[in-house]
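Take a look at the structure set out below.
The analysis underlying the following values was restricted to heavy atoms, covering all of them including side chains, and did not include hydrogens, waters or symmetry mates.
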Amino acid sequence: MSTAAASTTPPLTGTRPRWLFLDSLRGFAVLGILLVNAIDITQLGMARVMVGGSSVPDPVRDALHLTVQTRFVPIFIVLFGMSLWIVLDGARARSPRPWLVMVRRMIGLAVIGGLLMFVYPGNILLEYGVVGLLMLPVVLLAPRGVTLGGGAVLTVVAYAMFGGGLPSVPGLVLLGAGAAAFGLPRALELSGKTVAIVFAAAAVLTVPALLWQLTTPGDPRFSTPGAVAGLVMAVLYTTGLALLWRTPARTVIAAAFEPLGRMALSNYVGAAIVMAVAASVVDFGHLTTVTPVLTLSLVLIVTQSLLSRLWLTYFRYGPVEWLWRTATWLRPVALRRDARSTATPVTVP
């Protein structure tokens, strides 16, 4: 970068608010996704399947199918769409070519996902980067109502025709971006009457959704009833956590999940590496229950939460987030805490 160009480039600072609930919700989603991914990364029970072993009933796995599987991925994708809009909004104020900033950001995410493929071929970062790049023109140019409405239509079509999965990512990304444009981060932070109504509706719908899922037992990722139940419960979890955020439970929620959420990318990548290493030394393939992997996942997520809080005491971003941000702006950004912050946390009485 030339000296002239550098002198005209706005600094990566400002007073754009940081919605603390979104960080905690993202950390909550990181927990749920790890519980799912750990089974895939360790290839739990796959050795038995390959030699024709019979399936062994596992109530813990069944419980995960009803409470975790397909529930947290929609939350994570919608949050990705929301961050796409939030970062784009900030880029518009900082750069004369915000679209180029976002293109670099999506390419950077795809590269991170591509590299992670060597450890965890099933990771979704590459898909997020590609889909984010494809959806960027809509988020950048379309009115917010079109973005939100288009996301809703694409999501309904994806779940109705394909049972969710990868085809649902574009719609959920647009839903997140459109919702952010309409102020959903603030609504969730404040958790008013509308959030309570949505929570009540999702709670009522959860019962028939789970009953429908039970008509096709097994991994809900491979059935439309399981995917739909997951989407309904994703709304239930999100709004329920938002309502708890407005109670004294907020202190516990923030302590446990906010550090995880602020370093979500680093924790996602780190957890995949740890699980892959564990799978290389422990024979998970012949296990008949998910309990050992579930226990390891919970120990890992608690460790990551503590380490994330310690890291953020001295640094502004997680290590992978810092690399991603540097690639986005094509110049190193301040990492240590003694530099000015780029965001002001939102405090709500």
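- Using a 30° and 60° split on the angle between ring planes, F21 and W245 fall in the perpendicular class, above 60°.
- Between I77 and Y128, some side-chain heavy-atom pair lies under the 4.5 Å cut-off.
- Using modelled atom types, no side-chain atom of W329 and backbone atom of V101 make a donor-acceptor pair closer than 3.5 Å.
- A donor-acceptor pair is defined here as one N or O able to donate and one able to accept, closer than 3.5 Å; no such pair exists between the side chain of R337 and the backbone of Y314.
- The main-chain N or O of V277 is found under 3.5 Å from a side-chain atom of S280 such that the two form a donor-acceptor pair.
- Taking each heavy atom of L260 and S308 in turn, the nearest pair found is N-CB, 4.4 Å.
- For W322 (side chain) and V333 (main-chain N/O), a donor-acceptor pair under 3.5 Å exists by modelled atom type.
- When atom types are taken as modelled, the side chain of T313 and the backbone of R309 share a donor-acceptor pair closer than 3.5 angstrom.
- A donor-acceptor distance shorter than 3.5 angstrom exists from the side chain of S305 to the backbone of A256, with no hydrogens or angles considered.
- Between the side chain of T215 and the main chain of W212, a donor-acceptor pair closer than 3.5 Å is present.
- Within the structure, every pair that satisfies the side-chain hydrogen bond (donor to acceptor under 3.5 Å, both in side chains) test and touches residues 112-125, not counting sequence neighbours, is listed here: N37-Y120.
- Aromatic ring orientation, Y237 versus F72: tilted (interplanar angle from 30° to 60°).
- Across L148 and A179, no two heavy atoms sit closer than the pair CD1-N, 3.7 Å.
- Under the 4.5 Å side-chain criterion, counting only non-hydrogen atoms from C-beta, M263 is not in contact with L307.
- Transitive grouping of hydrophobic side chains (ILVMFWY, heavy atoms separated by less than 4.5 Å) brings I112 and V131 into a common cluster.
- A donor-acceptor pair shorter than 3.5 Å can be found between the side chains of Y317 and R325.
- With contacts defined as side-chain heavy-atom distances shorter than 4.5 Å, the pair M275/L300 qualifies.
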Ignoring hydrogens and angles, write down the donor-acceptor pairs under 3.5 Å from the side chains of residues 62-70, residues two or more places apart or on other chains.
{"from": "H65", "atom 1": "ND1", "to": "G218", "atom 2": "O", "distance (Å)": "3.3"}
{"from": "T67", "atom 1": "OG1", "to": "A63", "atom 2": "O", "distance (Å)": "2.7"}
{"from": "T70", "atom 1": "OG1", "to": "G226", "atom 2": "O", "distance (Å)": "3.2"}

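- Side-chain contact between V30 and F76: present, with at least one pair of heavy atoms (C-beta onward) separated by less than 4.5 Å.
- A donor-acceptor pair under 3.5 Å is formed between the side chain of S266 and the backbone N or O of V320.
- Considering every non-hydrogen atom in both L140 and R92, the closest pair reads O-NH2, 2.9 Å.
- R144 places a side-chain N or O within donor-acceptor distance of the main-chain N or O of A181, the cut-off being under 3.5 Å.
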Just distance, no hydrogens or angles: give the donor-acceptor pairs under 3.5 Å from side chains in residues 159-172, sequence neighbours left out.
{"from": "S168", "atom 1": "OG", "to": "G165", "atom 2": "O", "distance (Å)": "2.6"}

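- Within the 3.5 Å criterion, the main-chain N or O of N267 finds a donor-acceptor partner in the side chain of Q304.
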